[in-house]
Structure formats: structure tokens, C-alpha cells
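Comments concern the structure below.
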2 protein chains.
Amino acid sequence: MDTRNQIASAADRLFYERGYDVTSFADIAECVGLSRGNFYYHFKTKDEILSAVIALRIANTRRMLDAWEAESETPAERIRSFINILIVNRTKIMAYGCPVGSLCNELAKLDHVAKTDAAALFTLFQEWLARQFCALGRETDADALSLHLLMRSQGVSTLATAFRDETFIRREVDAMHTWLEAHISERSPPAQSVSSQTV
Amino acid sequence: MDTRNQIASAADRLFYERGYDVTSFADIAECVGLSRGNFYYHFKTKDEILSAVIALRIANTRRMLDAWEAESETPAERIRSFINILIVNRTKIMAYGCPVGSLCNELAKLDHVAKTDAAALFTLFQEWLARQFCALGRETDADALSLHLLMRSQGVSTLATAFRDETFIRREVDAMHTWLEAHISERSPPAQSVSSQTV
DNA sequence: AGAAAATTAGGACAGTTGCCCTAATCGTAC
DNA sequence: GTACGATTAGGGCAACTGTCCTAATTTTCT
């Protein structure tokens, strides 16, 4: 792996575990084993590193979604893969929260130019989930359903970080699975009545 | 208002709008109209300011919960007040997220000593909600139901910040109200089967 | 082997950080 | 009016920040 990518993935980890603003050039350099001065050769500004990290995360997310698509036979099974990242990544989530949600929030507070780029990570998940719901015959409310699921996974992440309660995660994951089952068997509702009844 | 409280409430606002770590002594001092040097007289360390902010937030939250308790006749109406903060504070939430959730996440990443103190803010809401659910006859799963509601409000906050979509907030708030209605009329489930079916 | 290019380390830069000290000013009580 | 404690402003501290430059080293190509 070339140095530029090494820096990007080190920054990726540090931004997640410590936060964007609090992570310094020196931290990343030390993590990669580079001298502080040489850093400038690869990245001119901190914003540039952030862009690289977001691009890396987008690529990794795409890869993960593609893998779920390949591994699973049915759309429902794919959505279940999404729900289960809460279990798979529970340790890191309890320590640092969701990488996407926490980055978006920090950039929003900083009013950083890249805040919309970071939000695109959410869109990636959202559109993928919506496609699965469409395949399940929920064309009318696929967007609402996918946003609802995304919302629940974010809420679980935040509370899991605050309380560090693994049984809470498992209980809510179970609830998400049951919710999904209920919405698979159900017929797609008529347009305009998407919201309160169905979600 | 004495200077100490002025400082605490200025820090409260800045910690919410910009983040804890990124806010400096100088920022707070300027906000209150104090000289940077004089600051040390009121607060010796930054941790001390954070403690004061958390204490202030706990007091304010208690006051708000008491007000909801006084204003509303029924427990269901009180829970509806909680759900509706998402609407009432939607502008700030779309800009900065939830004050409690974002602080807890930042302190978790910093591995700050006060991270459990900040999480106590969540507990305040959780116990209050659980008491309302108990009053509704849901003694068996009051904790799970209150955590579920808290989780949803956190998820909505996070996505609202990322997408800045007000209709999303309103749709999910409607869904939370419908969820509440369904769980008021329902009979309390037998113990041990709390999770997936009821939530 | 030698020239050219890529990559490196080290340090300088102005600005900011949390923290701390001191000397001056303020309001109040006697 | 004067003494005294509370509060203030100003500045200094070492450490760190993002950024930038230069000179040395390494790698690559002919």
C-alpha cells in the first residue's frame, strides 16, 4: 500500500476513535511512522485529509454493500445484514459510536465545508436500503422505510455509546428484525398515507 | 446572575453549537465579556467548566420535566411533550444535533472522565419516561419502552442533522405518536417477552 | 555509473491552547 | 475615609497547532 493510502486509513481510524478536530497532523504521522514535516508532501491541508478519509469510507461502504448484495439471496436477508452491523460492531460502537453519525455531527458543529460530503455516506446506505424495500414490493414508501431503519440504527448507536449496554443493543436489534418481518408480509400501503401508519 | 453562572451558560451554548474540545477559554471569555486572564479566578480547569455545564444541564432538564409533569394531566400527554421537543427544537437540532447525544459521543471519543456524568442526562429522561409508562400500566416493560423512545429521538436527531430534512422529522414524530397510542391501548405483556414483540 | 525524480527528515513560522501569576481596581463594612 | 476581601485586566508560560521550506536521502531510469 502506498503512503497516501496508509495515511488515509490511519486518519480514518483516528477520526473515528478520537474525532476529526482533536486529531492532529502529528498524531497521524506518528501512527504511520512518518516525520511530521514530511506530511506536507502527501497532504497540503487538513481538509484534504478529511476528503481522502470520506472518499475512503465511501469506497469501503460500497464494497460492503456489494458484498451483502452478493452474499444474500433475498432483499430481506440483505436488510438483515444491515441491521446486524450493530451486533458485529458492538464493541467499537459502545466505545466510539457510529463512524458516520459522529462524523456528520462533528462537521455540522464545525460548519465544515465537507459536512454534505460526509452526509453522502448516509445517502449511500439509504438508497441501498430503499432499493431492497422496492424489491420487496414497497415502492410507495421505500424511502420512508429505509430512513426509518437508518434512524433506528443511529439511535441505538448513540444510546449504546452512552450506556455501554449490550443487552439494550440486542433487544433493539431483535425489535428491528421483527419490525422488518411485519413490513415484509404487509402489503404496500396506498400513496399519501406512508408515514404514521406504516412505519 | 453572577459571573460563574454566566460563564456556565455561555459554555453550555458554545459546547452545544461548536463542541467541547473545540471551544476554548478565550471563546467563552469573549462571549461573556471577560478578559482571558480573569477566567482562572472562576474556573481553574476546563474539566471544571464541563462539570458546571453538565450540572446546569441536569438542573435545566429537571425543570423541564417538572414543567411537563405540571402542565399535563395524563402520562400519555407527558410522553407526547417529550416526543414533541424534536419539533420544538428542530432548527437547532438540524444545525447541531441533540445536545445530550452529541456531548456524550464527544466525551466517549475523548475518553473523558465526565463521560458517565454526561450520560446521566440520558438517565434523567429515561427514568422520567419509565415512570410515565408505569403510570400507564406498563410496569413490566417500562424501561424497555422508555429506552426505545429515547433511542428513536436520538436517531431522528442524528439524521435530521445530516439531511436537514424537516419533513423527515415530522414524519418520524408522527410515527412515534402512533407507536405511543398503540402501546397505551395494549395490555401490558407478560414478563420475559418484553423485547421484540412489544417494542 | 550518473542524472533525474520521488520521497524523506528536520526545523521554522506565527498563532493558539490551557494554565498560572501579579498588580490594579472594585464594592462594601467599619 | 480607610481597610479589606472580591473581582478584575494583562501578560507570561511551555506546549501544541496547521502550514511551509529546505536540504538530504532514496528510488528510478537511462
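Only a predicted model underlies this, so the values are computations on that prediction, with no experimental measurement involved. Here is how names work: the chains are called A, B, and so on, in the same order as the sequence lines, proteins then strands, and each is numbered from 1.
Protein atom NE2 of B:His42 is 17 Å distant from nucleotide atom P of C:dG18, rounded to whole Å. Atoms NZ (A:Lys46) and P (D:dC20) sit 15 Å apart, rounded to a whole Å. Whole-Å rounding puts the B:Arg4 CZ to D:dA6 C1' distance at 15 Å. Atom NZ in B:Lys44 sits about 20 Å away from atom P in C:dT17, given to the nearest Å.
Residues of residues 12-21 of chain A that place a heavy atom closer than 4.0 Å to DNA chain C do not occur. Remark: nothing in residues 109-118 of chain B comes within less than 4.0 Å of DNA chain C through any heavy atom.
Between B:Thr45 and C:dC20 there is no side-chain polar atom (N or O) within less than 4.0 angstrom of OP1 or OP2. Close to C:dC20, at under 4.0 Å from its OP1 or OP2, lies a side-chain N or O of B:Tyr40.
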- prompt: Checking salt bridge (Lys or Arg N to Asp or Glu O under 4.0 Å) for the pair A:Glu17/A:Arg13: CA distance, chi angles, key distance, verdict?
  reply: CA-CA 6 Å; A:Glu17 297 180 357; A:Arg13 214 196 73 226; 3.6 Å; yes
- request: List the steps, then state whether salt bridge (Lys or Arg N to Asp or Glu O under 4.0 Å) holds for A:Asp141 with A:Arg138.
  value: CA-CA 6 Å; A:Asp141 55 355; A:Arg138 306 287 303 216; 2.7 Å; yes
Please tabulate, for side-chain N and O atoms in residues 80-87 of chain A, each donor-acceptor pair with protein atoms closer than 3.5 Å (sequence neighbours left out).
{"residue": "A:Ser81", "atom": "OG", "partner": "A:Glu77", "partner atom": "O", "Å": "3.3"}
{"residue": "A:Asn84", "atom": "OD1", "partner": "A:His177", "partner atom": "NE2", "Å": "3.0"}
{"residue": "A:Asn84", "atom": "ND2", "partner": "A:Arg80", "partner atom": "O", "Å": "3.2"}

For residues 112-120 of chain B, which side-chain donor-acceptor pairs fall under 3.5 Å, sequence neighbours excluded?
{"residue": "B:His112", "atom": "ND1", "partner": "B:Ala114", "partner atom": "N", "Å": "2.9"}
{"residue": "B:His112", "atom": "NE2", "partner": "B:Asp47", "partner atom": "OD1", "Å": "3.1"}
{"residue": "B:Lys115", "atom": "NZ", "partner": "B:Asp111", "partner atom": "OD1", "Å": "2.7"}

Could you go through residues 65-73 of chain B and list every donor-acceptor pair under 3.5 Å that involves a side-chain atom there, pairing it with any protein atom two or more places apart or in another chain?
{"residue": "B:Glu69", "atom": "OE1", "partner": "B:Trp128", "partner atom": "NE1", "Å": "2.9"}
{"residue": "B:Ser72", "atom": "OG", "partner": "B:Trp68", "partner atom": "O", "Å": "3.3"}

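Between A:Leu147 and A:Gln126, some side-chain heavy-atom pair lies under the 4.5 Å cut-off. B:His42 has its side chain within reach of B:Asn38: a pair of non-hydrogen atoms, C-beta onward, lies under 4.5 Å apart. Annotation: side chain of B:Leu159 is in contact with side chain of A:Leu150 (closest heavy-atom distance under 4.5 Å). Put simply, the side chain of A:Arg164 does not reach to within 4.5 Å of the side chain of A:Arg90, judged on heavy atoms. Contact annotation: the side chain of B:Arg18 never approaches that of B:Tyr96 to less than 4.5 Å [non-hydrogen atoms, C-beta and beyond].
The side chain of A:Tyr41 approaches C:dT7 more closely than any other nucleotide in the set C:dT17, D:dT8, C:dT7. The listed nucleotides are D:dG18, D:dT7, C:dC19; the one nearest the side chain of A:Phe25 is D:dG18.
Both A:Val32 and A:Val53 are members of a single hydrophobic cluster when ILVMFWY side chains are connected at heavy-atom separations under 4.5 Å.
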Identify the pairs formed between an N or O of the protein and an N or O of nucleotides 9-11 of chain C at a distance under 3.5 Å, and give each distance.
{"residue": "C:dA9", "atom": "OP2", "partner": "A:Ser35", "partner atom": "N", "Å": "3.1"}
{"residue": "C:dA9", "atom": "OP2", "partner": "A:Ser35", "partner atom": "OG", "Å": "3.2"}
{"residue": "C:dG10", "atom": "O6", "partner": "A:Gly37", "partner atom": "O", "Å": "3.3"}

